[in-house]
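Please read the structure below before turning to the comments.
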Amino acid sequence: MTETEDNFQRILVGVDQSADAQKAFHFAIRRAQQTHAQLLIVSVFEKQTMNVYEALNDDYVRNKREDVEKDLQQYIATAQAAGVQDVRGIISEGNPGEKIVEDIIPQYQPDLLIIGSLDKKGPQRFFGSQAAYMAKRAPISVLVIR
């Protein structure tokens, strides 16, 4: 490891249900274990991917938000069970790339962002890669996992 790699004290990992995000999450756990870094796990609720009927149904939206919260709690539990001492979950709402770069990174000031290389399946994959957006615009080091 180089000196720069040893300085990562706060690692931010973006999670969703995609296979690459899962790989990124497990890599982030190992990295946090090795360096005794704080692990920040962020999940972004993407209301804009819902159709108009779903978005107008308050119960549907509330249930989807609750699902995101439950998933995040499972990620936290998994990281803690793996031995990561300092784990924190973060939920945001909006476009994942924009939210992470413009809101989460400035607020929580991580040293490293770890993300999966592919977006979830669906219409958003046609509008460009969230990973490419974050790698280009993040003011911190970004590690993209495949």
Side-chain angles (χ1 to χ4, degrees), residues 1-51 54-55 60-146:
M1 280 192 266
T2 66
E3 184 177 326
T4 303
E5 291 174 345
D6 290 337
N7 290 333
F8 296 132
Q9 298 299 310
R10 190 173 295 138
I11 298 170
L12 175 66
V13 61
V15 295
D16 60 30
Q17 298 305 317
S18 69
D20 281 2
Q22 298 301 307
K23 290 177 189 175
F25 173 65
H26 291 288
F27 183 90
I29 287 174
R30 288 190 304 276
R31 186 72 184 144
Q33 289 170 319
Q34 293 168 350
T35 62
H36 305 288
Q38 179 184 42
L39 182 60
L40 304 168
I41 305 169
V42 63
S43 185
V44 180
F45 177 63
E46 298 177 75
K47 188 175 177 182
Q48 72 274 10
T49 63
M50 295 178 188
N51 68 44
E54 293 169 339
Y60 182 85
V61 172
R62 184 174 47 257
N63 288 337
K64 287 296 181 184
R65 279 193 183 114
E66 288 172 2
D67 289 345
V68 170
E69 175 66 32
K70 283 184 217 171
D71 289 346
L72 186 59
Q73 291 305 317
Q74 289 178 342
Y75 284 114
I76 292 168
T78 299
Q80 290 171 333
V84 179
Q85 298 295 314
D86 191 358
V87 182
R88 183 170 183 183
I90 304 164
I91 294 180
S92 189
E93 184 175 325
N95 177 287
E98 291 174 8
K99 280 297 187 180
I100 289 171
V101 170
E102 296 172 14
D103 296 338
I104 304 300
I105 291 173
Q107 183 175 351
Y108 293 93
Q109 300 184 350
D111 307 306
L112 174 65
L113 171 61
I114 300 176
I115 51 175
S117 65
L118 298 176
D119 294 335
K120 293 185 286 188
K121 304 263 188 264
Q124 64 267 35
R125 72 174 186 250
F126 298 113
F127 299 115
S129 170
Q130 296 293 328
Y133 178 90
M134 290 183 272
K136 183 176 181 179
R137 291 180 174 81
I140 60 173
S141 295
V142 178
L143 181 59
V144 180
I145 302 295
R146 292 180 193 251

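All values reported here derive from a predicted model rather than from experimental measurement.
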Restricting to side-chain hydrogen bond (donor to acceptor under 3.5 Å, both in side chains), what partner residues turn up for Q85, sequence neighbours left out? none
Distance-minimising heavy-atom pair for A28 and L39: CB-CD1, 3.9 Å
Between CD1 of I115 and OH of Y133, what distance do you get to the nearest 0.5 Å? 12.0 Å
Give me the atom names and distance for the closest heavy-atom approach of A82 to I29. CB-CG2, 3.6 Å
Q33: what forms a side-chain hydrogen bond (donor to acceptor under 3.5 Å, both in side chains) with it, not counting sequence neighbours? none
Under the rule for side-chain hydrogen bond (donor to acceptor under 3.5 Å, both in side chains), what residues qualify as partners of K99, not counting sequence neighbours? D103
To the nearest 0.5 Å, what is the distance between CG (L143) and CD1 (I11)? 9.5 Å
Under 3.5 Å, is there a donor-acceptor pair between the D16 and S18 side chains? yes
Looking at CE of M50 and CZ of F45, how far apart are the two atoms once the value is rounded to the nearest 0.5 Å? 3.0 Å
Quick check: closest heavy atoms across L40 and P110, and the distance to 0.1 Å? CD1-CB, 4.3 Å
Can you sort out the partners of D71 under side-chain hydrogen bond (donor to acceptor under 3.5 Å, both in side chains), two or more places apart, ordered by chain and number? Q17
Run the salt-bridge test on R137 and E102 with the 4.0 Å N-O cut-off and return the result as yes or no. no
I need the H36 NE2 to R31 CZ distance, nearest 0.5 Å. 11.0 Å
Heavy atoms of A131 and G116 approach each other most closely as CB-O, 3.5 Å
Ring pair (Phe, Tyr, Trp, His ring centres under 6.0 Å) contacts in which one or both residues fall within residues 65-85, not counting sequence neighbours: F25-Y75
Side-chain heavy atoms of D20 within contact of K23, under 4.5 Å: yes
Are any of the side-chain heavy atoms of I105 and I100 separated by less than 4.5 Å? yes
Report the distance from atom CD1 of I91 to atom CD1 of I41, rounding to the nearest 0.5 Å. 11.0 Å
If you look at every heavy atom in S43 and L72, which pair is closest and at what distance? CB-CD1, 4.5 Å
Spacing of CG belonging to L12 relative to CE belonging to M134, to within rounding of 0.5 Å: 9.0 Å
K64 side chain reached by E54 side chain, heavy atoms, under 4.5 Å: no
Minimum heavy-atom distance between E98 and Q130, given as atom pair plus value: N-OE1, 4.5 Å
Do any pairs count as a side chain to side chain donor-acceptor pair (under 3.5 Å) and have a residue in residues 106-115, sequence neighbours left out, and if so which ones? none
